Peer 1: 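First the structure, which I've put down as structure tokens, then a few questions once you've had a look.
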Amino acid sequence: MRGLDTNVILRYLLRDNEEQWQLADQYINNALDTTETCFINNIVLCEVVWVLRSGYKLSRSELIDTVEKLLRTNIFVFENQEAAWWAVQQMKRGGADFSDYLILKVNQQMKCVETASFDAKLQGVEGIRLL
């Protein structure tokens with residue numbers, strides 16, 4: 001298995017720098033050719049979403065589509081695919097960010113009784129305690 005950093009995934013997805021896109025594409029396809037997978041951890045996944053939203057101004061629906069495509073791709077392995085899928089589904093219903101939902105789900109998986117937050121966008125989400 002090969003680990004990927006945020007910038008490699010972004011170049012692969014966006015193709016906004018041809019030279020770097022070619023290197024990222026070659027690296028990922030080389031893994032595929034050798035039947036290896038590429039690992040995307042939770043921090044990298046959150047950074048990808050954040051950069052796409054803040055830097056590239058993708059809409060919420062475009063972000064959801066992008067993350068769903070990544071999660072469906074068999075070349076990528078995720079630190080916590082179940083939590084990532086859950087976070088995407090919550091994004092479809094609520095107004096909070098992907099990372100907020102991912103944090104909540106991981107905390108629930110770790111048996112936290114609640115997750116404290118100041119983020120008003122999480123108002124009414126089960127498991128959240130707004131301070």
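Only a predicted model underlies this, so the values are computations on that prediction, with no experimental measurement involved.
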Peer 1: How about V49 and D97: do any of their side-chain heavy atoms sit closer than 4.5 Å?
Peer 2: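 No, too far: nothing below the 4.5 Å cut-off.
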Peer 1: In Å, rounded to the nearest 0.5 Å, how long is the span from CG of L131 to OG of S117?
Peer 2: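 Separation between the atoms: 7.5 Å.
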Peer 1: Evaluate the side chain to side chain contact (heavy atoms under 4.5 Å, CB included) criterion for residues E114 and I128: first the C-alpha distance (whole Å), next the side-chain angles of each, then the deciding distance (0.1 Å), finally the verdict.
Peer 2: CA-CA 6 Å; E114 63 187 16; I128 291 291; over 6 Å; no
Peer 1: Apply the hydrophobic cluster definition, ILVMFWY joined by side-chain contacts under 4.5 Å directly or through others, and give me every member besides L23.
Peer 2: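 Direct or chained contacts put L23 with none.
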Peer 1: Using modelled atom types only, decide if a donor and an acceptor are shared between the side chain of T73 and the backbone of I75 within a distance under 3.5 Å.
Peer 2: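 Not a single qualifying donor-acceptor pair exists.
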Peer 1: Measuring from L104:CG to S99:OG, what's the distance to the nearest 0.5 Å?
Peer 2: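 Answer rounded to 0.5 Å: 11.5 Å.
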Peer 1: Please determine whether residues I40 and I103 belong to a single hydrophobic cluster, defined as Ile, Leu, Val, Met, Phe, Trp and Tyr linked transitively by side-chain heavy-atom distances below 4.5 Å.
Peer 2: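 No, I40 does not connect to I103 through the hydrophobic network.
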Peer 1: Could you tell me if the side chain of T37 sits less than 4.5 Å from the side chain of R2, heavy atoms only?
Peer 2: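 Contact flag for R2/T37 side chains = no.
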Peer 1: Could you tell me if the side chain of F76 sits less than 4.5 Å from the side chain of I28, heavy atoms only?
Peer 2: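 Touching, per the 4.5 Å side-chain cut-off.
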Peer 1: Measuring from E79:CD to N41:CG, what's the distance to the nearest 0.5 Å?
Peer 2: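 These two atoms lie 5.5 Å from each other.
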Peer 1: What do the steps show when you test R53 against E62 for salt bridge (Lys or Arg N to Asp or Glu O under 4.0 Å), and what is the final call?
Peer 2: CA-CA 9 Å; R53 179 179 44 91; E62 290 171 322; over 6 Å; no
Peer 1: Under 4.5 Å side-chain heavy-atom separation, chaining through any Ile, Leu, Val, Met, Phe, Trp or Tyr, what else clusters with F39? Say none if it is isolated.
Peer 2: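 Cluster partners of F39: M1, V77.
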Peer 1: Is the number of heavy atoms from other residues, nucleotides or ligands under 6.0 Å of W86 CH2 greater than 12?
Peer 2: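 Atom CH2 in W86 is crowded, with more than 12 foreign heavy atoms closer than 6.0 Å.
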Peer 1: To the nearest 0.5 angstrom, please state how far the CH2 atom of W50 sits from the CD atom of E47.
Peer 2: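 Answer rounded to 0.5 Å: 9.0 Å.
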Peer 1: Any side-chain heavy atom of L4 within less than 4.5 Å of one from Y12?
Peer 2: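 The answer is no; the side chains never approach within 4.5 Å.
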Peer 1: Atom OG1 in T115, atom CD in E126: separation rounded to 0.5 Å?
Peer 2: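 That separation rounds to 11.5 Å.
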Peer 1: Considering only heavy atoms from C-beta outward, does the side chain of L70 approach that of L45 to under 4.5 Å?
Peer 2: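 The answer is yes, as the side chains (C-beta and beyond) meet within the 4.5 Å cut-off.
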Peer 1: To the nearest 0.5 Å, how far apart are CD in E36 and CG in N30?
Peer 2: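 Result: 7.5 Å between the selected atoms.
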Peer 1: Hey, does the side chain of N29 reach the backbone of D25 with a donor-acceptor pair shorter than 3.5 angstrom?
Peer 2: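 Yes.
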Peer 1: Let's go through L130 and Q123 carefully: what are the C-alpha distance in whole Å and the side-chain angles of both, what is the deciding distance for side chain to side chain contact (heavy atoms under 4.5 Å, CB included) to 0.1 Å, and is it a yes or a no?
Peer 2: CA-CA 7 Å; L130 289 182; Q123 177 76 36; 2.8 Å; yes
Peer 1: Go through the steps for R72 and W85 under the test side chain to side chain contact (heavy atoms under 4.5 Å, CB included), then give the verdict.
Peer 2: CA-CA 10 Å; R72 284 189 184 106; W85 272 114; 3.9 Å; yes
Peer 1: Does the side chain of Y101 come within less than 4.5 Å of L122's, by heavy atoms?
Peer 2: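 Of all side-chain heavy-atom pairs linking Y101 with L122, at least one is under 4.5 Å.
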Peer 1: For the residue pair K92 and E68, establish whether any side-chain heavy-atom pair is separated by less than 4.5 Å.
Peer 2: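 Counting from C-beta outward, K92 and E68 do come under 4.5 Å.
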Peer 1: Would you call T66 and V48 a side-chain contact if the rule is heavy atoms closer than 4.5 Å?
Peer 2: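 They are not in contact (no side-chain heavy atoms under 4.5 Å apart), so the answer is no.
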Peer 1: Working note: K105 + Q90, criterion side chain to side chain contact (heavy atoms under 4.5 Å, CB included); need CA distance, chi angles, decisive distance, verdict.
Peer 2: CA-CA 10 Å; K105 185 62 174 177; Q90 295 308 304; over 6 Å; no
Peer 1: Quick one: name the residues clustered hydrophobically with I43, using the 4.5 Å side-chain heavy-atom rule over I, L, V, M, F, W, Y, and just say none if it's on its own.
Peer 2: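 Direct or chained contacts put I43 with none.
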Peer 1: Any salt bridge linking D16 with R11? Criterion: basic side-chain nitrogen under 4.0 Å from a carboxylate oxygen.
Peer 2: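 The answer is yes: the pair qualifies as a salt bridge.
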Peer 1: If you take all heavy atoms of A84 and F98, which pair is closest and at what distance?
Peer 2: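 Looks like O-CE1, 3.7 Å.
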Peer 1: So, the side chain of K57 versus the backbone of S54: is there a donor-acceptor pair under 3.5 Å, distance only?
Peer 2: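 Yes, K57 side chain to S54 backbone: donor-acceptor pair under 3.5 Å.
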